[in-house]
Number of protein chains: 2
Amino acid sequence: MKEIESIKESGGFLNRYTHESSSCQCEMTFSVYLPPQADKGKVPTLYWLSGLTCSDDNARTKAGAQRYAAEYGIAVVFPDTSPRGDEVSDEPERYDLGQGAGFYVNATQSPWSKNYQMYDYVINELPALVEANLPLLPDVKSVSGHSMGGHGALICGLKNPGAFRSVSAFSPITNPVNGGWGQGCFGLYLGEDKSAWEEYDATCLVKAGAKVSDILIDQGDADEFLHEGQLLPENFEAACTEQGQSCTIRMQPGYDHSYHFIASFLGEHFAFHAGYLKG
Amino acid sequence: MKEIESIKESGGFLNRYTHESSSCQCEMTFSVYLPPQADKGKVPTLYWLSGLTCSDDNARTKAGAQRYAAEYGIAVVFPDTSPRGDEVSDEPERYDLGQGAGFYVNATQSPWSKNYQMYDYVINELPALVEANLPLLPDVKSVSGHSMGGHGALICGLKNPGAFRSVSAFSPITNPVNGGWGQGCFGLYLGEDKSAWEEYDATCLVKAGAKVSDILIDQGDADEFLHEGQLLPENFEAACTEQGQSCTIRMQPGYDHSYHFIASFLGEHFAFHAGYLKG
(Lines give C-alpha, C1' and ligand atoms only; values in the text may rest on other atoms or scores of the structure.)
Protein backbone atom coordinates (compact mmCIF):
# COMPACT_ATOMS: atom_id res chain seq x y z
CA MET A 1 0.00 0.00 0.00
CA LYS A 2 1.16 3.50 -0.85
CA GLU A 3 0.49 6.55 1.31
CA ILE A 4 -0.77 9.37 -0.90
CA GLU A 5 -1.79 11.92 1.75
CA SER A 6 -1.26 12.54 5.49
CA ILE A 7 -3.10 15.28 7.36
CA LYS A 8 -2.65 15.96 11.06
CA GLU A 9 -5.96 16.07 12.94
CA SER A 10 -6.77 16.02 16.65
CA GLY A 11 -3.22 15.01 17.47
CA GLY A 12 -3.20 12.00 15.14
CA PHE A 13 -2.97 11.51 11.41
CA LEU A 14 -5.63 11.10 8.75
CA ASN A 15 -3.85 9.15 6.04
CA ARG A 16 -4.94 8.06 2.60
CA TYR A 17 -3.61 5.05 0.75
CA THR A 18 -3.90 3.29 -2.58
CA HIS A 19 -3.18 -0.36 -3.31
CA GLU A 20 -3.81 -2.98 -5.97
CA SER A 21 -6.74 -5.01 -4.71
CA SER A 22 -6.71 -8.71 -5.44
CA SER A 23 -10.40 -8.99 -4.49
CA CYS A 24 -11.57 -6.14 -6.70
CA GLN A 25 -8.95 -6.45 -9.46
CA CYS A 26 -8.30 -2.71 -9.55
CA GLU A 27 -6.55 0.04 -7.64
CA MET A 28 -8.47 0.88 -4.48
CA THR A 29 -8.23 3.99 -2.30
CA PHE A 30 -8.96 4.07 1.44
CA SER A 31 -8.29 6.30 4.42
CA VAL A 32 -7.21 5.51 7.97
CA TYR A 33 -7.26 7.81 10.96
CA LEU A 34 -4.52 6.89 13.41
CA PRO A 35 -5.17 8.49 16.80
CA PRO A 36 -2.28 9.94 18.85
CA GLN A 37 -2.25 6.78 21.01
CA ALA A 38 -1.03 4.83 17.95
CA ASP A 39 2.37 6.53 18.35
CA LYS A 40 2.95 4.49 21.51
CA GLY A 41 1.43 1.13 20.63
CA LYS A 42 -1.19 -0.76 18.70
CA VAL A 43 -4.80 0.42 18.94
CA PRO A 44 -8.23 -1.12 18.25
CA THR A 45 -9.99 -0.34 14.96
CA LEU A 46 -13.44 0.82 13.93
CA TYR A 47 -14.35 0.13 10.29
CA TRP A 48 -16.66 2.78 8.88
CA LEU A 49 -18.67 1.76 5.80
CA SER A 50 -20.16 4.64 3.83
CA GLY A 51 -23.37 4.93 1.86
CA LEU A 52 -24.43 5.26 -1.77
CA THR A 53 -22.43 7.76 -3.88
CA CYS A 54 -19.72 8.12 -1.21
CA SER A 55 -16.00 7.44 -1.41
CA ASP A 56 -13.59 7.13 1.52
CA ASP A 57 -13.61 10.93 1.76
CA ASN A 58 -17.18 11.75 2.83
CA ALA A 59 -17.18 10.43 6.38
CA ARG A 60 -13.64 11.59 7.17
CA THR A 61 -14.64 15.12 6.09
CA LYS A 62 -18.21 15.40 7.39
CA ALA A 63 -18.88 12.98 10.25
CA GLY A 64 -16.54 14.47 12.86
CA ALA A 65 -15.23 11.00 13.74
CA GLN A 66 -11.59 11.92 14.23
CA ARG A 67 -12.00 13.84 17.45
CA TYR A 68 -13.82 10.91 19.08
CA ALA A 69 -11.26 8.47 17.71
CA ALA A 70 -8.54 10.60 19.32
CA GLU A 71 -10.47 10.77 22.59
CA TYR A 72 -10.96 7.00 22.81
CA GLY A 73 -7.70 5.90 21.16
CA ILE A 74 -9.41 4.01 18.36
CA ALA A 75 -8.23 3.94 14.72
CA VAL A 76 -10.85 4.37 12.00
CA VAL A 77 -10.59 2.67 8.60
CA PHE A 78 -12.68 4.28 5.82
CA PRO A 79 -12.93 1.95 2.79
CA ASP A 80 -14.32 3.08 -0.55
CA THR A 81 -17.87 1.95 -1.39
CA SER A 82 -17.03 0.09 -4.61
CA PRO A 83 -14.27 -0.70 -7.06
CA ARG A 84 -13.37 2.28 -9.27
CA GLY A 85 -11.78 3.11 -12.59
CA ASP A 86 -12.33 3.29 -16.32
CA GLU A 87 -11.93 -0.49 -16.59
CA VAL A 88 -14.54 -1.19 -13.92
CA SER A 89 -18.17 -1.77 -14.96
CA ASP A 90 -20.49 1.06 -14.14
CA GLU A 91 -23.98 2.40 -14.77
CA PRO A 92 -23.38 6.17 -14.84
CA GLU A 93 -27.09 6.96 -15.09
CA ARG A 94 -27.77 5.28 -11.74
CA TYR A 95 -26.42 6.32 -8.34
CA ASP A 96 -27.62 3.05 -6.78
CA LEU A 97 -25.76 0.59 -9.03
CA GLY A 98 -22.13 0.31 -10.08
CA GLN A 99 -19.34 2.64 -8.94
CA GLY A 100 -20.19 4.16 -5.56
CA ALA A 101 -22.81 1.47 -4.96
CA GLY A 102 -21.03 -1.82 -4.28
CA PHE A 103 -23.48 -2.82 -1.51
CA TYR A 104 -20.72 -4.80 0.23
CA VAL A 105 -21.58 -7.99 -1.67
CA ASN A 106 -19.53 -10.43 -3.74
CA ALA A 107 -21.19 -10.13 -7.15
CA THR A 108 -21.68 -13.39 -9.02
CA GLN A 109 -23.17 -12.07 -12.27
CA SER A 110 -21.43 -10.68 -15.35
CA PRO A 111 -20.16 -7.99 -15.82
CA TRP A 112 -20.18 -7.11 -12.08
CA SER A 113 -18.49 -10.23 -10.76
CA LYS A 114 -15.07 -9.28 -12.14
CA ASN A 115 -14.53 -6.31 -9.78
CA TYR A 116 -17.47 -6.06 -7.38
CA GLN A 117 -16.15 -8.24 -4.55
CA MET A 118 -16.59 -5.68 -1.82
CA TYR A 119 -17.62 -8.19 0.83
CA ASP A 120 -14.33 -10.07 0.56
CA TYR A 121 -12.52 -6.74 0.33
CA VAL A 122 -13.82 -5.28 3.59
CA ILE A 123 -13.92 -8.56 5.51
CA ASN A 124 -10.62 -10.13 4.46
CA GLU A 125 -8.31 -8.20 2.17
CA LEU A 126 -8.42 -4.76 3.74
CA PRO A 127 -8.14 -5.83 7.41
CA ALA A 128 -5.19 -8.10 6.56
CA LEU A 129 -3.51 -5.25 4.68
CA VAL A 130 -3.89 -2.57 7.33
CA GLU A 131 -3.10 -4.88 10.23
CA ALA A 132 0.15 -5.88 8.49
CA ASN A 133 1.20 -2.30 7.77
CA LEU A 134 -0.20 -0.07 10.53
CA PRO A 135 -0.16 -0.09 14.35
CA LEU A 136 -3.54 -1.82 14.71
CA LEU A 137 -4.30 -4.55 17.23
CA PRO A 138 -4.98 -7.69 15.17
CA ASP A 139 -8.62 -8.75 15.25
CA VAL A 140 -9.66 -6.10 17.79
CA LYS A 141 -12.24 -4.43 15.62
CA SER A 142 -15.81 -3.18 15.41
CA VAL A 143 -17.85 -1.95 12.47
CA SER A 144 -20.28 0.87 11.80
CA GLY A 145 -21.70 2.62 8.78
CA HIS A 146 -24.42 4.73 7.23
CA SER A 147 -27.33 3.72 4.98
CA MET A 148 -25.87 1.26 2.42
CA GLY A 149 -22.85 1.21 4.77
CA GLY A 150 -25.12 0.51 7.74
CA HIS A 151 -26.37 -2.49 5.77
CA GLY A 152 -22.70 -3.38 5.21
CA ALA A 153 -21.90 -3.11 8.91
CA LEU A 154 -24.86 -5.32 9.89
CA ILE A 155 -24.14 -8.07 7.36
CA CYS A 156 -20.38 -8.04 8.07
CA GLY A 157 -21.12 -8.51 11.76
CA LEU A 158 -23.85 -11.10 11.35
CA LYS A 159 -22.00 -13.22 8.76
CA ASN A 160 -18.77 -13.39 10.80
CA PRO A 161 -19.50 -14.42 14.38
CA GLY A 162 -16.77 -13.15 16.68
CA ALA A 163 -14.97 -11.13 14.02
CA PHE A 164 -16.37 -7.78 15.21
CA ARG A 165 -16.72 -7.00 18.89
CA SER A 166 -19.69 -4.70 18.27
CA VAL A 167 -21.80 -3.43 15.38
CA SER A 168 -23.60 -0.12 14.96
CA ALA A 169 -25.33 1.70 12.14
CA PHE A 170 -26.95 4.97 11.20
CA SER A 171 -30.10 4.78 9.05
CA PRO A 172 -29.16 1.32 7.73
CA ILE A 173 -30.84 -0.51 4.86
CA THR A 174 -31.83 -3.44 7.07
CA ASN A 175 -33.91 -5.52 4.71
CA PRO A 176 -32.75 -4.82 1.14
CA VAL A 177 -34.63 -7.75 -0.39
CA ASN A 178 -37.82 -5.85 0.44
CA GLY A 179 -36.69 -2.30 -0.52
CA GLY A 180 -36.27 -0.59 -3.88
CA TRP A 181 -32.51 -0.04 -3.69
CA GLY A 182 -31.77 -3.66 -2.84
CA GLN A 183 -34.26 -5.05 -5.34
CA GLY A 184 -32.81 -2.73 -8.00
CA CYS A 185 -29.29 -4.10 -7.78
CA PHE A 186 -29.26 -7.50 -6.02
CA GLY A 187 -30.66 -9.22 -9.11
CA LEU A 188 -27.93 -7.69 -11.27
CA TYR A 189 -25.13 -8.39 -8.79
CA LEU A 190 -26.36 -11.76 -7.48
CA GLY A 191 -28.76 -13.26 -10.03
CA GLU A 192 -32.42 -14.10 -9.89
CA ASP A 193 -32.26 -16.72 -7.14
CA LYS A 194 -33.46 -14.80 -4.12
CA SER A 195 -31.83 -17.15 -1.67
CA ALA A 196 -28.54 -15.56 -2.78
CA TRP A 197 -29.94 -12.13 -1.90
CA GLU A 198 -30.90 -13.27 1.58
CA GLU A 199 -27.25 -14.03 2.31
CA TYR A 200 -26.64 -10.25 2.20
CA ASP A 201 -29.79 -9.12 4.01
CA ALA A 202 -29.47 -8.34 7.72
CA THR A 203 -33.09 -9.12 8.51
CA CYS A 204 -32.98 -12.46 6.66
CA LEU A 205 -29.67 -13.34 8.34
CA VAL A 206 -31.08 -12.72 11.82
CA LYS A 207 -34.22 -14.71 10.97
CA ALA A 208 -31.95 -17.56 9.84
CA GLY A 209 -30.20 -17.56 13.22
CA ALA A 210 -27.09 -15.39 12.67
CA LYS A 211 -25.87 -13.67 15.83
CA VAL A 212 -23.52 -10.86 16.80
CA SER A 213 -22.62 -9.65 20.29
CA ASP A 214 -24.46 -6.33 20.30
CA ILE A 215 -26.03 -3.88 17.84
CA LEU A 216 -26.80 -0.16 18.20
CA ILE A 217 -28.87 1.56 15.48
CA ASP A 218 -29.83 5.24 15.26
CA GLN A 219 -32.56 6.16 12.80
CA GLY A 220 -34.02 9.63 12.20
CA ASP A 221 -37.80 9.70 12.03
CA ALA A 222 -37.72 12.55 9.44
CA ASP A 223 -35.56 10.48 7.07
CA GLU A 224 -37.09 10.55 3.58
CA PHE A 225 -35.69 7.11 2.78
CA LEU A 226 -37.33 5.67 5.90
CA HIS A 227 -40.67 6.97 4.62
CA GLU A 228 -39.93 5.58 1.12
CA GLY A 229 -39.55 2.11 2.65
CA GLN A 230 -35.87 1.71 1.77
CA LEU A 231 -34.62 1.11 5.32
CA LEU A 232 -37.32 -1.00 7.06
CA PRO A 233 -35.90 -0.97 10.60
CA GLU A 234 -39.24 -2.33 11.86
CA ASN A 235 -38.56 -5.58 9.99
CA PHE A 236 -35.09 -5.86 11.48
CA GLU A 237 -36.35 -5.11 14.98
CA ALA A 238 -39.03 -7.78 14.69
CA ALA A 239 -36.45 -10.33 13.53
CA CYS A 240 -34.12 -9.46 16.43
CA THR A 241 -36.95 -9.73 18.95
CA GLU A 242 -38.02 -13.09 17.49
CA GLN A 243 -34.47 -14.48 17.60
CA GLY A 244 -33.26 -12.92 20.85
CA GLN A 245 -30.57 -10.86 19.10
CA SER A 246 -29.42 -7.95 21.31
CA CYS A 247 -30.25 -4.78 19.38
CA THR A 248 -31.07 -1.21 20.40
CA ILE A 249 -32.88 0.80 17.71
CA ARG A 250 -33.30 4.45 18.66
CA MET A 251 -35.81 6.46 16.62
CA GLN A 252 -34.46 10.01 16.81
CA PRO A 253 -37.24 12.57 16.40
CA GLY A 254 -36.79 15.19 13.69
CA TYR A 255 -33.52 13.91 12.22
CA ASP A 256 -32.99 13.25 8.52
CA HIS A 257 -30.64 10.96 6.54
CA SER A 258 -27.66 13.37 6.32
CA TYR A 259 -24.21 13.59 7.86
CA HIS A 260 -25.65 16.20 10.22
CA PHE A 261 -27.56 13.31 11.79
CA ILE A 262 -24.44 11.14 11.96
CA ALA A 263 -22.44 13.99 13.53
CA SER A 264 -25.14 14.40 16.18
CA PHE A 265 -24.84 10.86 17.55
CA LEU A 266 -21.44 9.55 16.44
CA GLY A 267 -19.91 10.30 19.85
CA GLU A 268 -22.42 7.90 21.43
CA HIS A 269 -21.51 5.22 18.90
CA PHE A 270 -17.82 5.63 19.75
CA ALA A 271 -18.69 5.24 23.44
CA PHE A 272 -20.67 2.07 22.60
CA HIS A 273 -17.84 0.54 20.56
CA ALA A 274 -15.16 1.62 23.06
CA GLY A 275 -16.96 -0.44 25.70
CA TYR A 276 -16.32 -3.55 23.61
CA LEU A 277 -12.98 -2.64 22.03
CA LYS A 278 -11.26 -1.50 25.20
CA GLY A 279 -13.09 -3.53 27.85
CA MET B 1 -35.51 36.55 4.95
CA LYS B 2 -36.79 33.23 3.66
CA GLU B 3 -35.93 29.87 5.20
CA ILE B 4 -34.93 27.47 2.42
CA GLU B 5 -33.68 24.52 4.50
CA SER B 6 -33.81 23.29 8.09
CA ILE B 7 -31.81 20.27 9.29
CA LYS B 8 -31.87 18.99 12.85
CA GLU B 9 -28.40 18.60 14.34
CA SER B 10 -27.20 18.03 17.89
CA GLY B 11 -30.64 18.86 19.25
CA GLY B 12 -30.87 22.22 17.47
CA PHE B 13 -31.49 23.31 13.90
CA LEU B 14 -29.11 24.18 11.09
CA ASN B 15 -31.16 26.55 8.94
CA ARG B 16 -30.42 28.19 5.64
CA TYR B 17 -31.91 31.47 4.48
CA THR B 18 -31.95 33.77 1.47
CA HIS B 19 -32.71 37.49 1.45
CA GLU B 20 -32.35 40.50 -0.80
CA SER B 21 -29.28 42.32 0.48
CA SER B 22 -29.36 46.11 0.38
CA SER B 23 -25.59 46.24 0.99
CA CYS B 24 -24.68 43.82 -1.78
CA GLN B 25 -27.57 44.55 -4.16
CA CYS B 26 -28.26 40.89 -4.80
CA GLU B 27 -29.82 37.84 -3.21
CA MET B 28 -27.58 36.49 -0.46
CA THR B 29 -27.61 33.07 1.18
CA PHE B 30 -26.50 32.37 4.74
CA SER B 31 -26.88 29.66 7.38
CA VAL B 32 -27.58 29.84 11.10
CA TYR B 33 -27.23 27.08 13.64
CA LEU B 34 -29.71 27.54 16.48
CA PRO B 35 -28.72 25.40 19.47
CA PRO B 36 -31.37 23.61 21.53
CA GLN B 37 -31.16 26.36 24.18
CA ALA B 38 -32.67 28.79 21.63
CA ASP B 39 -36.03 27.01 22.09
CA LYS B 40 -36.26 28.46 25.59
CA GLY B 41 -34.83 31.96 25.14
CA LYS B 42 -32.39 34.16 23.28
CA VAL B 43 -28.79 32.99 22.97
CA PRO B 44 -25.43 34.66 22.17
CA THR B 45 -24.04 34.46 18.64
CA LEU B 46 -20.72 33.53 17.07
CA TYR B 47 -20.20 34.82 13.53
CA TRP B 48 -18.05 32.46 11.47
CA LEU B 49 -16.38 33.99 8.41
CA SER B 50 -15.13 31.50 5.83
CA GLY B 51 -12.15 31.59 3.53
CA LEU B 52 -11.46 31.87 -0.20
CA THR B 53 -13.69 29.75 -2.49
CA CYS B 54 -16.11 28.92 0.36
CA SER B 55 -19.82 29.58 0.67
CA ASP B 56 -21.92 29.38 3.85
CA ASP B 57 -21.90 25.60 3.42
CA ASN B 58 -18.25 24.64 3.97
CA ALA B 59 -17.88 25.34 7.67
CA ARG B 60 -21.32 24.04 8.62
CA THR B 61 -20.46 20.75 6.87
CA LYS B 62 -16.78 20.30 7.71
CA ALA B 63 -15.80 22.20 10.87
CA GLY B 64 -17.86 20.27 13.42
CA ALA B 65 -19.04 23.55 14.99
CA GLN B 66 -22.61 22.53 15.71
CA ARG B 67 -21.90 20.09 18.49
CA TYR B 68 -19.89 22.72 20.38
CA ALA B 69 -22.55 25.33 19.73
CA ALA B 70 -25.11 22.94 21.24
CA GLU B 71 -22.85 22.23 24.20
CA TYR B 72 -22.31 25.92 25.00
CA GLY B 73 -25.72 27.25 23.92
CA ILE B 74 -24.29 29.60 21.30
CA ALA B 75 -25.85 30.26 17.88
CA VAL B 76 -23.53 30.32 14.87
CA VAL B 77 -24.11 32.57 11.84
CA PHE B 78 -22.36 31.46 8.63
CA PRO B 79 -22.40 34.28 6.01
CA ASP B 80 -21.37 33.74 2.42
CA THR B 81 -17.92 35.03 1.42
CA SER B 82 -19.08 37.38 -1.35
CA PRO B 83 -22.09 38.55 -3.33
CA ARG B 84 -23.23 35.97 -5.90
CA GLY B 85 -25.17 35.70 -9.12
CA ASP B 86 -25.02 36.16 -12.88
CA GLU B 87 -25.42 39.92 -12.47
CA VAL B 88 -22.53 40.18 -9.98
CA SER B 89 -19.03 40.97 -11.29
CA ASP B 90 -16.64 38.07 -11.21
CA GLU B 91 -13.26 36.89 -12.41
CA PRO B 92 -13.89 33.19 -13.06
CA GLU B 93 -10.23 32.47 -13.82
CA ARG B 94 -9.19 33.57 -10.34
CA TYR B 95 -10.17 31.96 -7.03
CA ASP B 96 -8.82 34.94 -5.09
CA LEU B 97 -10.87 37.72 -6.68
CA GLY B 98 -14.59 38.14 -7.27
CA GLN B 99 -17.26 35.62 -6.26
CA GLY B 100 -16.07 33.56 -3.29
CA ALA B 101 -13.38 36.15 -2.52
CA GLY B 102 -15.06 39.27 -1.11
CA PHE B 103 -12.31 39.78 1.52
CA TYR B 104 -14.86 41.44 3.85
CA VAL B 105 -14.17 44.92 2.41
CA ASN B 106 -16.43 47.65 1.02
CA ALA B 107 -15.13 47.94 -2.55
CA THR B 108 -14.81 51.48 -3.90
CA GLN B 109 -13.69 50.72 -7.45
CA SER B 110 -15.75 49.85 -10.52
CA PRO B 111 -17.09 47.27 -11.27
CA TRP B 112 -16.67 45.77 -7.79
CA SER B 113 -18.20 48.61 -5.79
CA LYS B 114 -21.74 47.88 -6.94
CA ASN B 115 -22.06 44.55 -5.08
CA TYR B 116 -18.90 43.91 -3.08
CA GLN B 117 -19.89 45.57 0.20
CA MET B 118 -19.18 42.60 2.41
CA TYR B 119 -17.86 44.66 5.33
CA ASP B 120 -21.15 46.51 5.72
CA TYR B 121 -22.98 43.26 5.12
CA VAL B 122 -21.37 41.27 7.92
CA ILE B 123 -21.04 44.18 10.37
CA ASN B 124 -24.43 45.87 9.94
CA GLU B 125 -26.99 44.33 7.61
CA LEU B 126 -26.73 40.67 8.55
CA PRO B 127 -26.61 41.14 12.37
CA ALA B 128 -29.64 43.47 12.22
CA LEU B 129 -31.52 40.96 10.06
CA VAL B 130 -30.87 37.89 12.18
CA GLU B 131 -31.35 39.68 15.50
CA ALA B 132 -34.76 40.92 14.29
CA ASN B 133 -35.88 37.49 13.09
CA LEU B 134 -34.23 34.85 15.27
CA PRO B 135 -33.88 34.21 19.03
CA LEU B 136 -30.46 35.89 19.31
CA LEU B 137 -29.43 38.18 22.16
CA PRO B 138 -28.92 41.62 20.59
CA ASP B 139 -25.29 42.68 20.48
CA VAL B 140 -24.02 39.65 22.41
CA LYS B 141 -21.69 38.40 19.74
CA SER B 142 -18.19 37.23 18.96
CA VAL B 143 -16.48 36.53 15.66
CA SER B 144 -14.14 33.88 14.28
CA GLY B 145 -13.05 32.69 10.87
CA HIS B 146 -10.54 30.90 8.71
CA SER B 147 -7.86 32.28 6.37
CA MET B 148 -9.57 35.12 4.44
CA GLY B 149 -12.32 34.78 7.05
CA GLY B 150 -9.75 34.98 9.85
CA HIS B 151 -8.69 38.28 8.30
CA GLY B 152 -12.38 39.22 8.27
CA ALA B 153 -12.80 38.33 11.94
CA LEU B 154 -9.74 40.35 12.97
CA ILE B 155 -10.69 43.49 11.04
CA CYS B 156 -14.36 43.30 12.10
CA GLY B 157 -13.25 43.16 15.73
CA LEU B 158 -10.54 45.80 15.48
CA LYS B 159 -12.63 48.31 13.50
CA ASN B 160 -15.62 48.09 15.86
CA PRO B 161 -14.53 48.50 19.46
CA GLY B 162 -17.02 46.85 21.78
CA ALA B 163 -19.10 45.28 19.02
CA PHE B 164 -17.61 41.80 19.48
CA ARG B 165 -16.87 40.42 22.91
CA SER B 166 -14.01 38.29 21.61
CA VAL B 167 -12.23 37.52 18.35
CA SER B 168 -10.51 34.37 17.20
CA ALA B 169 -9.09 33.07 13.95
CA PHE B 170 -7.60 30.00 12.30
CA SER B 171 -4.71 30.57 9.89
CA PRO B 172 -5.72 34.21 9.28
CA ILE B 173 -4.36 36.52 6.61
CA THR B 174 -3.12 39.03 9.17
CA ASN B 175 -1.28 41.52 6.98
CA PRO B 176 -2.81 41.41 3.48
CA VAL B 177 -1.07 44.56 2.26
CA ASN B 178 2.17 42.58 2.44
CA GLY B 179 0.90 39.25 1.02
CA GLY B 180 0.14 38.12 -2.50
CA TRP B 181 -3.58 37.51 -2.02
CA GLY B 182 -4.22 40.94 -0.52
CA GLN B 183 -1.99 42.73 -3.00
CA GLY B 184 -3.71 40.89 -5.85
CA CYS B 185 -7.18 42.17 -5.01
CA PHE B 186 -7.01 45.22 -2.73
CA GLY B 187 -5.93 47.46 -5.61
CA LEU B 188 -8.88 46.28 -7.70
CA TYR B 189 -11.40 46.52 -4.87
CA LEU B 190 -10.01 49.65 -3.14
CA GLY B 191 -7.89 51.58 -5.63
CA GLU B 192 -4.22 52.41 -5.75
CA ASP B 193 -4.08 54.53 -2.58
CA LYS B 194 -2.59 52.13 -0.08
CA SER B 195 -3.93 54.04 2.91
CA ALA B 196 -7.33 52.62 1.89
CA TRP B 197 -5.85 49.11 2.00
CA GLU B 198 -4.54 49.65 5.52
CA GLU B 199 -8.08 50.24 6.77
CA TYR B 200 -8.72 46.54 6.08
CA ASP B 201 -5.42 45.14 7.31
CA ALA B 202 -5.36 43.75 10.86
CA THR B 203 -1.66 44.42 11.40
CA CYS B 204 -1.95 48.02 10.16
CA LEU B 205 -5.05 48.56 12.30
CA VAL B 206 -3.29 47.38 15.46
CA LYS B 207 -0.24 49.53 14.63
CA ALA B 208 -2.59 52.51 14.25
CA GLY B 209 -3.98 51.91 17.74
CA ALA B 210 -7.15 49.84 17.16
CA LYS B 211 -8.04 47.60 20.08
CA VAL B 212 -10.29 44.64 20.81
CA SER B 213 -10.84 42.85 24.11
CA ASP B 214 -9.04 39.58 23.36
CA ILE B 215 -7.75 37.61 20.39
CA LEU B 216 -6.98 33.89 20.03
CA ILE B 217 -5.23 32.66 16.88
CA ASP B 218 -4.33 29.09 15.94
CA GLN B 219 -1.87 28.61 13.10
CA GLY B 220 -0.52 25.31 11.77
CA ASP B 221 3.22 25.30 11.19
CA ALA B 222 2.86 22.93 8.18
CA ASP B 223 0.47 25.36 6.44
CA GLU B 224 1.64 25.88 2.85
CA PHE B 225 0.18 29.41 2.79
CA LEU B 226 2.15 30.32 5.90
CA HIS B 227 5.32 29.29 4.09
CA GLU B 228 4.23 31.23 0.97
CA GLY B 229 4.06 34.39 3.09
CA GLN B 230 0.31 34.89 2.67
CA LEU B 231 -0.56 34.87 6.38
CA LEU B 232 2.32 36.69 8.16
CA PRO B 233 1.29 36.06 11.78
CA GLU B 234 4.74 37.23 12.89
CA ASN B 235 3.90 40.73 11.68
CA PHE B 236 0.61 40.71 13.55
CA GLU B 237 2.22 39.40 16.71
CA ALA B 238 4.89 42.12 16.61
CA ALA B 239 2.21 44.80 16.19
CA CYS B 240 0.19 43.43 19.12
CA THR B 241 3.25 43.30 21.33
CA GLU B 242 4.20 46.86 20.36
CA GLN B 243 0.71 48.18 21.07
CA GLY B 244 -0.18 46.08 24.10
CA GLN B 245 -3.04 44.31 22.33
CA SER B 246 -3.98 41.08 24.14
CA CYS B 247 -3.39 38.28 21.63
CA THR B 248 -2.50 34.60 21.93
CA ILE B 249 -1.00 33.08 18.77
CA ARG B 250 -0.52 29.33 19.03
CA MET B 251 1.74 27.71 16.45
CA GLN B 252 0.41 24.17 16.18
CA PRO B 253 3.10 21.74 15.06
CA GLY B 254 2.36 19.61 11.99
CA TYR B 255 -1.04 21.08 11.12
CA ASP B 256 -1.96 22.35 7.65
CA HIS B 257 -4.48 24.92 6.35
CA SER B 258 -7.47 22.56 6.03
CA TYR B 259 -10.75 22.06 7.87
CA HIS B 260 -9.09 19.09 9.60
CA PHE B 261 -7.00 21.70 11.42
CA ILE B 262 -10.07 23.78 12.28
CA ALA B 263 -11.92 20.70 13.54
CA SER B 264 -8.96 19.88 15.78
CA PHE B 265 -9.09 23.12 17.76
CA LEU B 266 -12.57 24.56 17.25
CA GLY B 267 -13.74 23.25 20.61
CA GLU B 268 -11.07 25.36 22.32
CA HIS B 269 -12.22 28.42 20.37
CA PHE B 270 -15.79 27.83 21.52
CA ALA B 271 -14.54 27.62 25.12
CA PHE B 272 -12.63 30.90 24.61
CA HIS B 273 -15.65 32.73 23.18
CA ALA B 274 -18.06 31.23 25.73
CA GLY B 275 -15.98 32.82 28.47
CA TYR B 276 -16.81 36.25 27.00
CA LEU B 277 -20.30 35.57 25.65
CA LYS B 278 -21.69 33.87 28.73
CA GLY B 279 -19.58 35.44 31.48
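So you know, we letter chains A, B, ... as the sequences are listed, proteins then strands, and number each from 1. Both backbone and side-chain heavy atoms feed into the values below; hydrogens, waters and symmetry mates do not.
Of residues 216-238 of chain B, no residue lies under 4.5 Å from chain A by any heavy-atom pair.
For A:Tyr259, no part lies under 4.5 angstrom from a heavy atom of chain B. Contact annotation for A:Ser258: only side-chain heavy atoms (C-beta onward) come within less than 4.5 Å of a heavy atom of chain B. Interface remark: A:Gln252 contributes no atoms to any contact with chain B (heavy atom separation under 4.5 Å).
Of all heavy-atom pairs between B:Pro253 and A:Lys8, the closest is O-NZ, 2.7 Å. Between A:Arg67 and B:Tyr68 the shortest heavy-atom distance is NH1-CE1, 2.7 Å. Shown here for B:His260 and A:Arg60, the closest heavy-atom pair between the two residues is CE1-O, 3.5 Å.
Between chain A and the residues B:Gly64, B:Ala63, B:Ser6, the most heavy-atom pairs under 4.5 angstrom are made by B:Gly64.
Put simply, CZ on A:Phe261 and OG on B:Ser10 are 11.0 Å apart, with the number rounded to the nearest 0.5 Å.
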